[in-house]
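Protein chains get the first letters and strands the later ones, always in sequence-line order, with residue 1 at the start of each.
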Number of protein chains: 2
Amino acid sequence: MPQTGGARRRVGRPAAAVLDQAGITAAALRLIGKDGYDGLTMAALARSLHVAPSALYNHVESKRDVLLLVEDHLTALVDVTAFAAEPWESAVRKWAWSYRDVFAEHTPLIPVIAVLPVTDAPQTLAMYETVSAGFRAAGFPEERIVSAIVALESFIFGSAYDVTAPADIFDSGSMAESTPSFTGAVRSLAALGHEKPADVAFSLGLEALIAGFGALRE
Amino acid sequence: MPQTGGARRRVGRPAAAVLDQAGITAAALRLIGKDGYDGLTMAALARSLHVAPSALYNHVESKRDVLLLVEDHLTALVDVTAFAAEPWESAVRKWAWSYRDVFAEHTPLIPVIAVLPVTDAPQTLAMYETVSAGFRAAGFPEERIVSAIVALESFIFGSAYDVTAPADIFDSGSMAESTPSFTGAVRSLAALGHEKPADVAFSLGLEALIAGFGALRE
DNA sequence: CTAATAAATGAATGGCATTCATTTAGTGGT
DNA sequence: ACCACTAAATGAATGCCATTCATTTATTAG
């Protein structure tokens, strides 16, 4: 049943197409924003588009395809503008923070992205092109560009998960006495009173990577 | 139906308990080794233990619990021995490679680990204790220890995904002409003929992090 | 001895992605 | 103008999944 309220569409091809990939992507994003990734089911997606679930399969091959559409849409939101206007260090810094922030809200996509051939994701490919051109212009040896980007990306994806971790993730509970070193370190960090510990760790790692990679430039 | 062949157990509590958490963990690991994480279903797990699926719920609360048991078991396999015997740099290096190697085979656990309160995972907590003690002994300022470990872990988790990526992940296909910088960088890396590009990126990032963090020591 | 608890079975339950037969509408070729 | 083909919708399965529950039997605590 495509619609609960309102006149339901009669069987057969409608005069004007109801669905397309852009509409499916937009509906998926709305759904994710409202109910999270648990709420993103093919049935719910169909319902939000006033369509039967099977109709979706005329436009995507699988749910993974939907996630791919979402991923590519989100990648286009990552800010790469600094590569055209700023020195390499600050361009990388802005890109990395933006990249992490976008996907921290969408960690269920990370397993999809990580093994996604870039051919299937034009916006993602476009991001890589801009970033690698930035590295090249900054004097990076060509054969290290991809490895450096991959390393940064790995750090970014891992850090995106970290953003979603519960605040008390390092509470050692009843084991505190048997883990004095770790418990002390956790308390000592907490004493600094940072609002977002994930940001501190991300900044620390990112600056180390930027400094280390910066030294590779010729 | 608990068993397909053989005499099936009659209804009611058996004289000796059939299941316990250690047995469930071992069976889950066998199953994952044989059929991967897709093959790890509560039904398959029960079948491999000659038990009805519902019997599992006397020993774990949910499938997530099973993944947690597996995760904690695997963490115990991560090599932290170098922290007792070697300089900080090489200890971190060995730990990080070992950690990545263990979880590269188990990437579906990463979303679970990333948000897992350490209270629920004693082996994981033990690893943190050893590692943080190593950082402390190496002269790390206490309030930076946790952030540095988190940053390294983020990089490690992201890199574990990278290991599983298909070899042709960066093949830009028909878009090659419109992405000259990226395509050139990919070709240039390929020309080096490394067997495992993921290892090159991991090494590059890890050495940058070690160098950057090493400078924090007092 | 008896009540409570623990550990098993087996039969649901509801949700999920996906497939398929069917219907209807547009399209390209002769 | 006709006809075959393709595209896009419906609605009814299908099979798998994690989880729950009533029931049975055995052990354990008081």
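- Between the C1' atom of dG11(D) and the CG atom of Leu56(A) lies a distance of 14 Å, rounded to the nearest Å.
- Distance CG (Leu45(B)) to P (dC17(D)): 12 Å, rounded to an integer number of Å.
- A donor-acceptor contact under 3.5 angstrom links the side-chain atoms of Arg13(B) to the base of dA6(C).
- Atom NE2 in His50(B) sits about 18 Å away from atom C1' in dA7(C), given to the nearest Å.
- Across all strands, Ala17(A) comes closer than 4.0 Å only to sugar-phosphate atoms, never to a base (heavy-atom distances).
- Looking at residues 57-65 of chain A, you'll see Asn58(A), His59(A) sit with a heavy atom under 4.0 Å from some atom of DNA chain D.
- Looking at heavy-atom distances under 4.0 Å, Ala55(A) makes contact with a base.
- Look at OH on Tyr37(B): it is 23 Å from P on dC16(D), rounded to the nearest Å.
- Shown here are the ring pair (Phe, Tyr, Trp, His ring centres under 6.0 Å) partners of Phe135(A), two or more places apart in sequence or in another chain: Trp88(A), Phe140(A).
- Residues from residues 106-117 of chain B that place a heavy atom under 4.0 Å from any atom of DNA chain C: there are none.
- Between Trp95(A) and Tyr99(A), the ring planes lie tilted relative to each other; the angle falls in the 30° to 60° range.
- The distance between atom CE of Met42(B) and atom C1' of dC16(C), rounded to the nearest whole Å, is 17 Å.
- In this pair, Tyr128(A) and Phe182(B) present their aromatic rings parallel. The plane angle is below 30°, not in the 30 to 60° band.
- As a whole-Å value, the separation of Leu67(B) CG from dA18(D) C1' is 12 Å.
- When only modelled atom types and interatomic distance are considered, Glu71(B) and Thr75(B) share a side-chain donor-acceptor pair under 3.5 Å.
- Using modelled atom types, no side-chain atom of Thr130(A) and backbone atom of Phe83(A) make a donor-acceptor pair closer than 3.5 Å.
- Picking from dG26(C), dT10(D), dT9(C) the nucleotide with the shortest atom distance to the side chain of Ala15(A) gives dG26(C).
- The residue among Ala16(B) and Ser54(A) whose nearest nucleotide of DNA chain D is located toward the 5' end is Ser54(A).
- A donor-acceptor contact closer than 3.5 angstrom is absent between the side chains of Glu153(B) and Tyr161(A).
- Between Arg9(A) and dT10(D), a side-chain N or O to OP1/OP2 separation shorter than 4.0 Å is present.
- Atom CG in Leu49(B) sits about 10 Å away from atom P in dA8(C), given to the nearest Å.
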If you apply the rule side chain to side chain donor-acceptor pair (under 3.5 Å), what do you find for Ser172(B) with Thr183(B), and how did you get there?
CA-CA 7 Å; Ser172(B) 41; Thr183(B) 302; 3.2 Å; yes
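- With Arg136(A) as the partner, the salt bridge (charged side-chain N to carboxylate O under 4.0 Å, His left out) test is satisfied by one option alone out of Glu142(A), Glu129(A), Glu143(A): Glu142(A).
- Residue Arg100(B) forms a salt bridge (charged side-chain N to carboxylate O under 4.0 Å, His left out) with just one option from Asp79(B), Asp162(B), Asp199(B), and that option is Asp199(B).
- Residue Pro14(A) has its side chain nearest to dA8(D) when only dT9(C), dA8(D), dA8(C) are considered.
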